[in-house]
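Presented below is the structure to which this report refers.
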Amino acid sequence: MAIEKSKALKYARWCVEPDNKQAPLYVKKQAQAWIDIADGNDAEAYIDEKTYNKICKILKLMVHPDLKCSMYDGLEAYAWFLIVAVFCTKLKTDNNRYYTTALLEIARKNFKTFNSAVIFIIGMLTEPQFSRFFSVAPDLKLSKELQLAIKKIIKSSPCLADDKAFKLLRSEVRCLLTESEFTPLAYSEDRMDGKLANIFLADEAGAMDSYPIEAMRSSQITLFNKLGIIISTQYPNDNNGMIDEIDISKKTLDGLLDNRRRFALLYEPDDYLLQNDRWMNDDLVIYQSNPVAVAHDYIFEAIKEMRTMAVLYENKRENYLCKHNNIKYKGLGVEGYISIDKVRECKIIEDLAFWRGKNVYLGLDLSQTDDNTAVSMVCEHGGKIYAKVWGFIPKDKKLLKSKKENVDYQKLIRQGVCFECGDEVIDYHFVEQFILKLEKKYGVSIVQVGYDRYNAISTVQKLENAGMECVEIKQHSSVLHPATKLLKEYILSKQFQYDENNMLEINFQNARCTEDTNLNKYINKKKSAGKVDMVVALINAVYLLQQDMLFGGDVFVAQV
């Protein structure tokens with residue numbers, strides 16, 4: 001099979017090599033998922049050899065305007081991977097393209113606009129007659145960069161420069177062979193609604209909000225064979241369209257969202273490289289954010305020079321870190337709490353009989369009445385921590401929250417890890433009754449209930465009136481650090497067990513840690529990537545367990 005010898009598959013296999021640290025974690029995950037398809041191990045998708053051969057022929061007709069060789073010979077390895085995956089991966093059921101979204105988070109100086117031009121030329125030559133293509137960027141000048149790159153490739157390629165193939169106009173590019181057209185749009189000037197885009201490209205999505213992306217997607221609803229390409233470096237702002245796209249892609253690759261028709265190459269440094277200013281001297285930060293630097297020493301050396309200047313001059317850091325390392329500068333010091341892969345190694349099948357006769361500790365995170373609430377239950381047994389966690393959401397906000405947070409709450413409710421109660425706001429009476437019934441339902445003895453005073457006073461009074469001992473846990477780094485550290489260490493050493501819970505996994509994925517001036521770590525809700533109430537409730541419960549064991553004389557101390 002031709003695909004077996006392709007540069008795309010060769011690059012994907014290079015990415016997943018166990019000792020290869022130059023490819024970041026999520027690129028490895030996407031590469032492995034695509035290798036499974038290429039190897040014929042996927043139930044939904046396959047690689048279409050006929051389409052692959054057609055793409056190769058088109059690339060051989062294109063001439064690289066700078067290298068003066070065929071695009072087949074001059075294309076970067078990651079671009080091969082992107083192009084072949086996007087165009088040649090097909091659905092087994094109807095032979096349409098498998099991927100409907102292609103996301104590329106990549107640093108500058110990776111020829112991303114140039115490679116986008118290659119994709120659009122391929123699209124104009126292979127898509128059905130009268131197809132329409134659009135690029136969307138913050139302003140028209142940036143959007144026209146793609147148009148300029150398309151024109152350069154066409155004019156440099158004798159087979160494409162023929163007047164019978166393409167017509168280059170001031171405002172658009174037309175393919176006369178398929179009667180399709182490409183038009184650059186500017187978010188600052190053009191309305192995005194009313195377009196019908198077979199393929200669209202959102203360039204520098206980090207400089208725009210989500211409207212142009214969603215408007216383009218809305219235009220594709222009636223199409224069977226659609227594609228949206230979203231490309232950007234990181235940006236320092238917190239409100240941009242790229243943040244959600246990256247988050248959805250990570251959750252998909254982690255298996256937390258069922259959204260497999262999304263192809264994502266996320267060239268950003270792994271979490272461990274974001275700590276202790278490792279960007280200042282660790283070359284892996286450059287390699288993981290800039291795949292072209294791996295193959296071209298002159299690009300790597302140029303980026304190193306910029307890194308030296310960013311180390312010396314504070315005013316150069318934001319641009320360098322965001323644009324060349326894909327690191328949000330003001331987000332430094334924030335790290336993922338625990339890798340979701342490590343958390344999922346601690347998952348077990350629910351065994352209700354296990355809880356019978358156990359002394360347990362409850363942790364509460366009673367958020368605002370229109371937000372998520374969580375209750376956790378933990379115990380110690382055989383040197384391990386066991387946990388069950390439940391979430392609660394307002395019933396009438398279920399659909400809104402599902403769309404806004406990209407979480408299938410209805411599915412979580414069916415799984416029994418989440419409950420809908422109240423209307424527009426949480427019904428705290430439902431939560432209180434749920435807590436009061438736990439002892440009878442699970443046959444446990446509740447030793448203590450830990451809570452944050454915020455939003456909890458009324459509920460705590462009712463629990464205390466029912467005879468439960470409630471303990472206020474101040475939500476301060478100096479108080480929470482020991483339990484936060486203990487939970488992480490028990491998870492990493494597989495001494496933590498939790499009943500299967502997709503909602504808890506999503507919360508762990510969202511959780512971000514920060515340090516105070518004394519290096520105490522704590523979960524920072526504001527800097528986390530989504531809801532973390534379950535993790536907060538779990539840490540509250542672990543805090544009580546840790547305190548009781550410490551002062552009760554048993555050995556149960558985090559390894560300091």
Side-chain angles (χ1 to χ4, degrees), residues 1-64 67 69-104 106 110-112 114-116 118-119 121-123 125-127 199 225 227 229 249 252-253 255 260-267 287-288 291-296:
M1 293 176 67
I3 196 67
E4 284 296 329
K5 299 179 181 179
S6 70
K7 296 178 182 180
L9 191 55
K10 182 179 178 181
Y11 178 76
R13 295 196 191 283
W14 172 82
C15 287
V16 300
E17 289 176 2
D19 296 331
N20 179 12
K21 295 183 179 180
Q22 294 179 331
L25 173 64
Y26 284 99
V27 171
K28 286 177 175 287
K29 289 189 175 188
Q30 182 63 80
Q32 186 58 61
W34 192 72
I35 289 171
D36 291 341
I37 296 174
D39 288 344
N41 299 325
D42 191 274
E44 293 182 343
Y46 74 102
I47 307 301
D48 187 343
E49 290 271 332
K50 185 177 180 181
T51 302
Y52 171 72
N53 291 329
K54 182 188 293 186
I55 298 298
C56 289
K57 290 178 181 178
I58 293 173
L59 290 174
K60 288 176 180 178
L61 293 177
M62 293 188 206
V63 175
H64 197 298
L67 302 179
C69 63
S70 74
M71 204 66 69
Y72 182 90
D73 296 318
L75 211 56
E76 297 296 330
Y78 87 86
W80 266 104
F81 185 24
L82 176 65
I83 290 170
V84 173
V86 164
F87 283 105
C88 303
T89 311
K90 302 288 186 70
L91 274 168
K92 290 182 176 179
T93 53
D94 57 15
N95 296 320
N96 281 327
R97 269 194 303 268
Y98 184 61
Y99 297 114
T100 58
T101 295
L103 184 69
L104 180 61
I106 195 166
N110 272 278
F111 316 121
K112 60 181 184 294
F114 180 84
N115 293 328
S116 300
V118 175
I119 290 173
I121 293 173
I122 292 173
L125 289 170
T126 58
E127 287 295 289
I199 299 178
N225 215 16
L227 175 64
I229 305 168
S249 295
T252 299
L253 291 170
R260 295 184 65 232
R261 297 187 69 179
R262 164 182 288 260
F263 182 86
L265 294 180
L266 306 180
Y267 290 101
Y287 289 132
Q288 289 193 2
V292 174
V294 176
H296 300 287

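For the single chain, residues carry numbers from 1 onward in sequence order. Keep in mind that the numbers below use all heavy atoms, side chains included, and drop hydrogens, waters and symmetry copies.
- Atom CG of L266 and atom CD of Q288 lie 12.0 Å apart (nearest 0.5 Å).
- Considering only heavy atoms from C-beta on, S249 stays 4.5 Å or farther from Y26 through its side chain.
- In this structure, the side chains of W14 and V294 come closer than 4.5 Å at one or more pairs of heavy atoms.
- A 4.5 Å side-chain heavy-atom check between I47 and T89 finds at least one atom pair inside the cut-off.
- Between the K60 side chain and the D73 main chain, no donor and acceptor come within less than 3.5 Å of each other.
- Under the 3.5 Å distance criterion, the side-chain polar atoms of Q30 are left unmatched by any main-chain donor or acceptor of L253.
- Counting heavy atoms from C-beta on, the side chains of L104 and N115 never come closer than 4.5 Å.
- Residues A102 and V86 come closest through the heavy atom pair CB-CG2, 3.7 Å.
- Listed here is the closest heavy atom pair of C15 and A23: O-CB, 3.9 Å.
- The closest side-chain heavy-atom distance from L9 to R13 is below 4.5 Å.
- In this structure, the side chains of K21 and Y287 stay at 4.5 Å or more apart for every pair of heavy atoms.
- The distance from the CD atom of Q32 to the CD1 atom of I37 is 11.0 Å, given to the nearest 0.5 Å.
- To the nearest 0.5 Å, the span separating OG on S116 from CD1 on I199 amounts to 11.5 Å.
- You'll find the side chain of C88 reaches within 4.5 Å of the side chain of I55, heavy atoms only.
- Note: I58 CD1 to M71 CE = 12.0 Å, rounded to the nearest 0.5 Å.
- Taking every heavy atom of both residues into account, P291 and I106 meet most closely at CG-CD1, 3.7 Å.
- For the 3.5 Å distance criterion, the side chains of N96 and D94 qualify, holding a donor opposite an acceptor.
- With hydrogens and angles ignored, the 3.5 Å screen pairs a side-chain donor or acceptor of R97 with a backbone N or O of N225.
- Checked by atom type and distance alone, the side chain of N110 pairs as donor or acceptor with a backbone atom of V292 at under 3.5 Å.
- Side-chain N/O atoms of N53 and E49 include no donor and acceptor closer than 3.5 Å.
- Looking at T126 and K54, their side chains never bring a donor and an acceptor atom within 3.5 Å of each other.
- Annotation: salt bridge (Lys or Arg N to Asp or Glu O under 4.0 Å) contacts of K7 (sequence neighbours excluded): none.
- With D48 contributing its side chain and N95 its backbone, the two residues share no donor-acceptor pair below 3.5 Å.
- Shortest non-hydrogen contact noted between L59 and I122 is CD2-CD1, 4.0 Å.
- Atoms CD and NZ, from E17 and K28 in turn, are 7.5 Å apart once rounded to the nearest 0.5 Å.
- K92 contributes a side-chain N or O that, together with a main-chain N or O of D42, makes up a donor-acceptor pair within less than 3.5 Å.
- Side-chain atoms of L82 and I229, non-hydrogen and from C-beta on, never get closer than 4.5 Å to each other.
- Residue W34 forms a ring-ring contact (aromatic ring centres under 6.0 Å, His included) with just one option from Y99, F81, Y11, and that option is F81.
- Contact check on E76 versus K112 returns no salt bridge, with no Lys/Arg side-chain nitrogen under 4.0 Å from an Asp/Glu carboxylate oxygen.
- Note: W80 and Y72 have perpendicular aromatic rings, judged against thresholds of 30 and 60 degrees for the angle between ring planes.
- Screening R261, K90, R260 for a side-chain hydrogen bond (donor to acceptor under 3.5 Å, both in side chains) with Y98, the sole residue that qualifies is R260.
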